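As the structure is a prediction and not an experimental result, all values here were calculated from the model.
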Amino acid sequence: LILLVGRPAQASTYTIDTNHSTVGFSIRHLVSKTKGTFGAFSGTITYDASQPQKSSFTASIDASSSDTNHKRRDGHLQSADFFDVANHPTITFNSTKVETKGALLHVIGDLTMHGVTKSVTIHVEILGTGTNPRNGKKQIGLAGSLTIKASDFGVNSWEDFETILGDEVEIEIDADFDLNYEHVISAVSACTGEIASSGDGGAPRISRFVEKIKFAPPRQSLRSRAGG
């Protein structure tokens, strides 16, 4: 009983909804800026609104999915002059620390690109949380931004880089995340095991069980999922 009384609520794990999310970048080109996006990416966050500093963030981007609305330029970006996707196909981020700065989260972590890993800070604003009325899924939305230097990651091998392009790359992230129900089911299963093994059916354990399943989707949504 004592072990279960007063435990804090677990953080929830969310998976990015790629249909309602974008990862964009921009870089100076001569007298203006060129913008682009990545079309293939994945990511998860583990988030507890009451303890945001304990959150964690992971992301993976397919470097070959860069799109600047210009086929020849995109091919050049994916060549050895820049991303070198043949040898470095994936860009990854894994958070190591989260700090709260007013309304923002400063998500510090390891960004790996072009075979180089550097610590960076993403400034994240939690835009809102809620339930999608169409499918019953719990959601969280966020916007993130950071600025990196291409030279820090060796993404500047093109001989004309310094005369044509700027070194700083601005990255903008707008993302929706859906509650990962597999994570919820795992938590419920673990808690059910705790109740069953206790043998006393104590109220605190029942309370803990309810706390873990409070984010479960509506039954209608579960039926929809079962039906494909």
Side-chain angles (χ1 to χ4, degrees), residues 14-45 57-95 104-105 107-128 132 134-135 137 139-178 180:
Y14 297 77
T15 301
I16 196 166
D17 176 0
T18 56
N19 291 324
H20 297 95
S21 303
T22 59
V23 178
F25 58 88
S26 64
I27 187 170
R28 183 185 61 79
H29 178 267
L30 295 176
V31 296
S32 62
K33 287 187 176 182
T34 294
K35 296 185 176 184
T37 60
F38 290 103
F41 50 86
S42 60
T44 62
I45 62 173
F57 296 71
T58 66
S60 179
I61 298 172
D62 179 354
S64 68
S65 70
S66 60
D67 181 3
T68 63
N69 198 32
H70 190 286
K71 187 174 182 179
R72 185 164 64 88
R73 180 170 56 212
D74 293 337
H76 191 197
L77 281 176
Q78 295 161 20
S79 75
D81 281 347
F82 294 95
F83 291 123
D84 191 12
V85 299
N87 294 305
H88 307 289
T90 308
I91 301 168
T92 62
F93 175 81
N94 292 282
S95 66
L104 296 178
L105 299 181
V107 181
I108 303 163
D110 294 329
L111 176 65
T112 299
M113 178 169 56
H114 198 253
V116 178
T117 300
K118 296 281 187 180
S119 180
V120 301
T121 299
I122 305 176
H123 301 148
V124 173
E125 178 185 3
I126 302 299
L127 298 176
N132 187 319
R134 295 176 63 87
N135 56 28
K137 292 181 178 179
Q139 296 181 308
I140 184 170
L142 62 81
S145 63
L146 71 155
T147 300
I148 61 174
K149 290 185 176 181
S151 59
D152 284 346
F153 295 88
V155 190
N156 62 336
S157 297
W158 184 35
E159 60 181 5
D160 293 327
F161 188 98
E162 292 185 3
T163 57
I164 302 295
L165 300 173
D167 195 20
E168 290 191 343
V169 181
E170 298 172 358
I171 301 171
E172 300 284 342
I173 304 157
D174 292 285
D176 284 1
F177 289 80
D178 293 330
N180 185 336

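- Residues satisfying the side chain to side chain contact (heavy atoms under 4.5 Å, CB included) criterion with Asp160, sequence neighbours excluded, are Trp158, Thr163, Ile164.
- Note that CD1 of Ile91 is 5.5 Å distant from CE of Met113, once rounded to the nearest 0.5 Å.
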Report all side-chain donor-acceptor pairs from residues 139-155 shorter than 3.5 Å, counting only partners two or more places apart or in another chain.
residue, atom, partner, partner atom, Å
Gln139, NE2, Asp178, OD1, 3.0
Ser151, OG, Asp167, OD1, 3.3
Ser151, OG, Asp167, OD2, 2.7

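- To the nearest 0.5 angstrom, Ile171 atom CD1 is 7.0 Å from Ile61 atom CD1.
- The ring pair (Phe, Tyr, Trp, His ring centres under 6.0 Å) check on Phe93 picks up nothing, with sequence neighbours excluded.
- By the neighbour-count criterion of 12 heavy atoms within 6.0 Å, atom CG of Asn87 is densely surrounded, having more than that number from other residues, nucleotides or ligands.
- Remark: Phe38 engages Phe25, Phe83 in a ring pair (Phe, Tyr, Trp, His ring centres under 6.0 Å) (not counting sequence neighbours).
- Applying the side chain to side chain donor-acceptor pair (under 3.5 Å) definition to pairs two or more places apart or across chains, those involving residues 28-42 are Lys33-Glu170.
- In this structure, Leu105 CG and Ile122 CD1 are separated by 11.0 Å, a value rounded to the nearest 0.5 Å.
- Between the OG1 atom in Thr22 and the CD atom in Glu172 there is a gap of 9.0 Å [rounded to 0.5 Å].
- Residues meeting the side chain to side chain donor-acceptor pair (under 3.5 Å) test with Asp62, sequence neighbours left out: Ser64.
- Applying the side chain to side chain donor-acceptor pair (under 3.5 Å) test to Asp81 and every residue at least two apart in sequence or in another chain returns His76.
- Tested against Thr58, the residues Thr44, Asn94, Thr92 include a single side-chain hydrogen bond (donor to acceptor under 3.5 Å, both in side chains) partner, Thr44.
- Qualifying side chain to side chain donor-acceptor pair (under 3.5 Å) partners for Asp17, counting only residues two or more places apart in sequence or in other chains: His20.
- Counting only residues at least two apart or on different chains, the side chain to side chain donor-acceptor pair (under 3.5 Å) pairs with a member in residues 116-128 are Thr112-Thr117.
- Separating the CZ atom in Phe161 from the CD1 atom in Ile27 is a distance of 4.5 Å, to the nearest 0.5 Å.
- Minimum interatomic distance between Ala40 and Ser65 (heavy atoms only, all atoms of both residues): N-OG, 3.1 Å.
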Full working for side chain to side chain contact (heavy atoms under 4.5 Å, CB included) between Phe82 and Ser66: CA-CA 11 Å; Phe82 294 95; Ser66 60; over 6 Å; no
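- For Ser157, there are no side chain to side chain contact (heavy atoms under 4.5 Å, CB included) partners two or more places apart in sequence or in a different chain.
- Taking Asp74 as the reference, Thr68 meet the side chain to side chain donor-acceptor pair (under 3.5 Å) condition, with sequence neighbours excluded.
- Ile108 contributes atom CD1, which lies 9.5 Å from atom OG of Ser95 (distance to the nearest 0.5 angstrom).
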